[in-house]
Asker: 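Please find one structure pasted underneath; my questions will follow.
In what follows, every heavy atom counts, from backbone to side chain, and hydrogens, waters and symmetry copies are set aside. Since the model is a prediction, treat every value here as computed from it, not as a measurement. Chain naming here is simple, since letters A, B, ... match the order of the sequence lines and numbering starts at 1 in each.
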Protein chains: 2
Amino acid sequence: MAASIIDVAQAVGVSPSTVSRALRGRDGVSDELRVRIIAVAADLGYTASRNASSLASGRTCSIGVLAPYVGRWFFGTVVDAAERVFSAAGYDLLLYNLGSVDSRKRFFAELPVRKRVDAILSLLIPTEDEAERLRSLGIPLAITVGGPRPGFTTVGIDDRAGAELATRHLVNLGHRRIGRIGTQPSAPLYWTTPDLRRRGYLDVLVDAGIPHDPDLEADGEYTVEGGERAMTRLLTAVRPPTAVFAESDEMAMGALRALRAHRLRVPEDIAIVGFDDHELADVVGLTTVAQPVAEHGTQAASLLLRLLRDDTDVPDHVELPTHLIVRNSTAPHRGSLHGGIE
Amino acid sequence: MAASIIDVAQAVGVSPSTVSRALRGRDGVSDELRVRIIAVAADLGYTASRNASSLASGRTCSIGVLAPYVGRWFFGTVVDAAERVFSAAGYDLLLYNLGSVDSRKRFFAELPVRKRVDAILSLLIPTEDEAERLRSLGIPLAITVGGPRPGFTTVGIDDRAGAELATRHLVNLGHRRIGRIGTQPSAPLYWTTPDLRRRGYLDVLVDAGIPHDPDLEADGEYTVEGGERAMTRLLTAVRPPTAVFAESDEMAMGALRALRAHRLRVPEDIAIVGFDDHELADVVGLTTVAQPVAEHGTQAASLLLRLLRDDTDVPDHVELPTHLIVRNSTAPHRGSLHGGIE
DNA sequence: CTGTTAGCGCCTTCAG
DNA sequence: CTGAAGGCGCTAACAG
């Protein structure tokens, strides 16, 4: 059995409360005594039981993190960045992988974080019901990757503007048949990103006077494999696209794979733009809309920490910048002489 | 304030103990009463406080996961897979990102998991001191990614054999100047993988009668950027390699990037083999030694669960298979007419 | 500056 | 089958 606070107290010859105070750096303990207590505690290998202390104090020193899928580069990077901030501040991280509809349902039904965490960082965008459940917890809440939301501190990017950047780049290169790989607006899990990126895409088409062709849109499920399937489908269109905007780099890479399988050259036969600036986008030469991914985690975690410290003027939404990075996967449309139309 | 067990007890008109028994499915409660209690609990939105119940019972229903860096594809995938297994069994996951020397030191010094988790899954290979600290916890311990270790249940691959697979492939293609991108054997964090993979590489060289040239080895730090730098360095050798074995796909991709920057063609000018079968290895056409990454997490988690259930005959080491996947980054050495020498 | 007294919310004996 | 008592290990008011 590990040492308890009482063992330490007896060894030093003081009361448990004094030990508690000394070890947590509270004042009201003479320096000399404190030093002695710390030494004895170290000697006995004593560490306060987090459970007991949070039961008694109400603070848990843990943060709940809700992610759809830590295996995906984007989310892994965000979680990683957030973890660094939290652990530096002495908080542990309780990770909930809510990728499947099932696990997500169960989580919100049981709310296993109740009384277990001091705050929650969600990498998934909750439905209104889910948001309400979260708010009922009465603790600081943050969402990364998404727009403003009442009751939450949010950090995100302007998805619509980012998508416009990508699409306009293709239009400027002279492309008129521009495909899109995204995902169904009505996916089982509530998630606005695809919707916004699609709108950005449509905005630019309208602006450029390009008629919208539903045949040029395909569902890539935001995965590499999905992107591959989607690209394959787009190639079967009566008039295939000459350029494609993939709403994530992972789907773009899947598209690249499909194109290679069909012996089509990029960008000569088809131009591709992705979104995110995945760490490997550079390796494959993918043109993409960059966003500071780790920054999502860092910022959200810092905001939560400030909320936990009762800081005033904590912003309730932070918008991160995006910018286009042109690499080798895009080039002027072969029909056009030069890229710049605008 | 959320409902407590007492609220439920009063609402039903029974004692707290009965509520506790009923809700946890213990017998000693009449069916009719149990149904009623469950209904009232649901109605009040009651969920037992994990802290209080673990304080009282000694069980925490949490698993500690130690990872070096969840942002890296490999670890993210393993954590993700493990999380699925644990959460299906009702366990929460406490994630510790121990990538930096600092955080790692602090973790082992304070051991914040003490009395907070029922078992530990480590994705990093502990030093002997660290292993001892973990054993002192007296709970089931597992290490994924590594060889057998007393006191731990381990699941891993045969790194040396895997590296031999990669190197032999290059030898069979007629290459004689074979470079290696790995990392310093004496990296700050104890970790045997690079050592073993290097040995596999050396084994094959010796076997093929190829003299070892230290100039052909470079440190890629197991990252994309590191791999890029390492490849760049290898190109400055008096007699550069005609083929390179990169000990991870991420380093291999970095190497690919460096080669592109130098306008060298793969595999015509230089052949590259990676290790892991990263989800994007296929996209870039990388020949690699595949290992079932998610399986590491799934297996280790399942073993831990069995240990937690006091199952008998839980194996203390599980070895996962590796195999070579040949894609487009390798080809016969230009000097050789055919690949097969063996 | 330090000790005492009560709990935090639940589970686990033990009686009935 | 059910209830009462005690305690898990710690912290927070109070006293002194």
Asker: What residues in residues 32-39 of chain B put a non-hydrogen atom under 4.0 Å from any atom of DNA chain D?
Answerer: B:Leu33
Asker: Please say which of B:Gln299, B:Arg149, B:His317 ends up in a side chain to side chain donor-acceptor pair (under 3.5 Å) with B:Thr154.
Answerer: B:His317
Asker: Just how far, in rounded Å, is P of D:dC10 from CZ of A:Arg50?
Answerer: 13 Å
Asker: Is it true that a side-chain atom of B:Arg59 and a backbone atom of B:Ser54 form a donor plus acceptor pair closer than 3.5 Å?
Answerer: no
Asker: Indicate whether the side chain of B:Ser17 and that of B:Ser20 have a donor and an acceptor atom separated by less than 3.5 Å.
Answerer: no
Asker: Counting only side-chain heavy atoms from C-beta out, which of C:dG3, C:dT2, D:dG9 sits nearest to A:Ser4?
Answerer: D:dG9
Asker: Just by distance, with hydrogens left out, do B:Arg114 and A:Thr47 show a side-chain donor and acceptor under 3.5 Å apart?
Answerer: yes
Asker: For A:Leu44, does the CG atom sit with more than 12 other heavy atoms under 6.0 Å from it, leaving out its own atoms?
Answerer: yes
Asker: Can you list every pair that meets ring pair (Phe, Tyr, Trp, His ring centres under 6.0 Å) and has a residue in residues 103-127 of chain B, with sequence neighbours left out?
Answerer: B:Tyr96-B:Phe107
Asker: Do nucleotides 11-16 of chain D as a string where each nucleotide becomes B, S or -: B if the base has a protein heavy atom under 4.0 Å, S if just the sugar-phosphate does, - if no protein is that close.
Answerer: SBB---
Asker: Are any of the side-chain nitrogens in B:Asp102 or B:Arg106 under 4.0 Å away from the carboxylate oxygens of its partner?
Answerer: no
Asker: At what distance, to the nearest 0.5 angstrom, does CD1 of B:Ile125 lie from OG1 of B:Thr192?
Answerer: 3.5 Å
Asker: In whole Å, what is the span from the CZ atom of A:Arg114 to the C1' atom of C:dC8?
Answerer: 16 Å
Asker: Quick one: CG on A:Asn97 to OG on A:Ser103, what's the gap to the nearest 0.5 Å?
Answerer: 7.0 Å
Asker: CG of B:Asn51 versus C1' of D:dG9: gap in Å, rounded?
Answerer: 12 Å
Asker: C:dC10 P sits how many Å from B:Leu55 CG, rounded?
Answerer: 12 Å
Asker: Over how many whole Å does the gap from A:Arg116 atom CZ to C:dC10 atom C1' extend?
Answerer: 14 Å
Asker: Just to confirm, is there a sub-4.0 Å distance from OP1 or OP2 of C:dG3 to any side-chain nitrogen or oxygen of A:Thr18?
Answerer: yes
Asker: Please state how far atom CG in A:Asp7 lies from atom C1' in D:dC8, giving the value in whole angstrom units.
Answerer: 14 Å
Asker: By nearest atom, which of the nucleotides C:dC10, D:dG3, C:dT4 is closest to the A:Lys115 side chain?
Answerer: C:dC10
